[in-house]
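The structure appears right after this line, and notes come after that.
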Amino acid sequence: MPIVPFKEILKDAFDKRYGVAAFNIVNDLTLDAVLSAAEDAHSPVIIQTSVKTVKMIGVDVLYAMWKAMASKAKVPTCIHLDHCPDRAMISACLAEGWDSVLFDASSMPLEENRRQTVEVVAEAQRYGAGVEGEIEGIRGVEDGVGSDAESDRKTLEASLDFVRVTGVDCFAPAIGNAHGVYLKTPTLDVQRVSDITNTIPIPIALHGGTGLTKEQFQDLIARGCAKVNISTALKITYMQSNLAYLREAETKNKWDPLSQFTFVRKAVKEMVSEYLTTFGSVGRA
Ligand code: 13P
């Protein structure tokens, strides 16, 4: 069962109204920790890679690493390319074996975004892969992609039209969410999610997951946010657990990298498990 198409993973979550967590991994340790936490929880999970991570590790090495680990996974999982405005990178990842991509053409005029997204959907379909689309930038910079400015919200009709015309498998509207750390809990336009899913039953991607409350997650998942993205929380847990370990290592003057990896992996797993419970995906696989 391990590698399951993006569309199938999201369909089950959307139909049964639970959220599949999509974690932005940054290396082999975080990839392994996310998969392992999902297995322990019997939860489907999406592994997400930013363009920056793909460039850092390399399309071929990253995919080989993913394939080796995911083919042994006991829960449904797939690999997704997060916010990618670069068509060449989209093509390279699809050709290598990525299961889905977020073509981020939100900075383009809507008409051009729609035209190019149609092309990306056709390209992805040749590989049996899926596509997430967006027409408004999600505020905040995610691994070098995006902007801190609030983008223009498009009308409901523009969103519905985009979904219908392009045939994307998942749609990411801007609802007041943002990447990174929120200075205060944001007020979200949750009705926007219901307005879309009540008209077209398409799984919605909730970006900017780090810092939202349990109630916000659960309300949005009930409205159709079947894919819930978490990146910043993983980075914080990863960095802070490394720091805690290194401080201790310095105090004791004991330097053992493998023990450090074990310590950090455990911290990342605990963080992942908490989100899986909140999103209601535990026991779904
Ligand atoms: P956070 O960094 O706020 O968790 O958002 C993740 C995300 O939406 C990735 O696209």
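All ligand and atom numbering here is 1-based and tracks the order in the structure.
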Assess, by modelled atom type and distance only, whether the side chains of [X] and [Y] contain a donor and an acceptor separated by less than 3.5 Å.
| X | Y | result |
| --- | --- | --- |
| Ser91 | Glu123 | yes |
| Trp66 | Thr49 | no |
| Tyr182 | Asn177 | no |
| Thr117 | Asn113 | yes |

Report yes if [X] has an N/O atom closer than 3.5 Å to an N/O atom of ligand 1; otherwise report no.
| X | result |
| --- | --- |
| Asn24 | no |
| Leu206 | no |
| Gly208 | yes |

What orientation do Tyr245 and Phe263 show, parallel under 30°, tilted 30 to 60°, or perpendicular over 60°?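 Tyr245 and Phe263: tilted rings.
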Heavy-atom distances under 4.0 Å decide this one: backbone, side chain, both or neither, for Ala178 against ligand 1?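 Only the backbone of Ala178 comes within reach of ligand 1.
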Go through ligand 1 atom by atom and flag the ones less than 4.0 Å from a non-hydrogen atom of His83.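 Listed by number with element, the hits are 10 (O).
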Numbering the atoms of ligand 1 from 1, which are under 4.0 Å from a heavy atom of His179?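 Every atom of ligand 1 under 4.0 Å from some heavy atom of His179: 3 (O), 5 (O), 6 (C), 7 (C), 8 (O), 9 (C), 10 (O).
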To the nearest 0.5 angstrom, please state how far the CD atom of Glu111 sits from the CZ atom of Phe162.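 These two atoms lie 11.0 Å from each other.
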Nearest-contact summary for atom 4 (O) of ligand 1 - protein heavy atom, Å: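 The closest heavy atom on the protein side is Thr210 OG1, 2.5 Å.
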Heavy-atom nearest neighbour in the protein, as seen from atom 9 (C) of ligand 1, with distance rounded to 0.1 Å: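 For this ligand atom, the closest protein heavy atom is Asp82 OD2, 3.1 Å.
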Only heavy atoms count here, so choose which of Ile138, Ile230, Thr232 is nearest to atom 1 (P) of ligand 1.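 Answer by nearest heavy atom: Thr232.
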Do you know which two heavy atoms are closest between Ser194 and Arg223, and how far apart they sit?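 It is OG-NH1, 2.8 Å.
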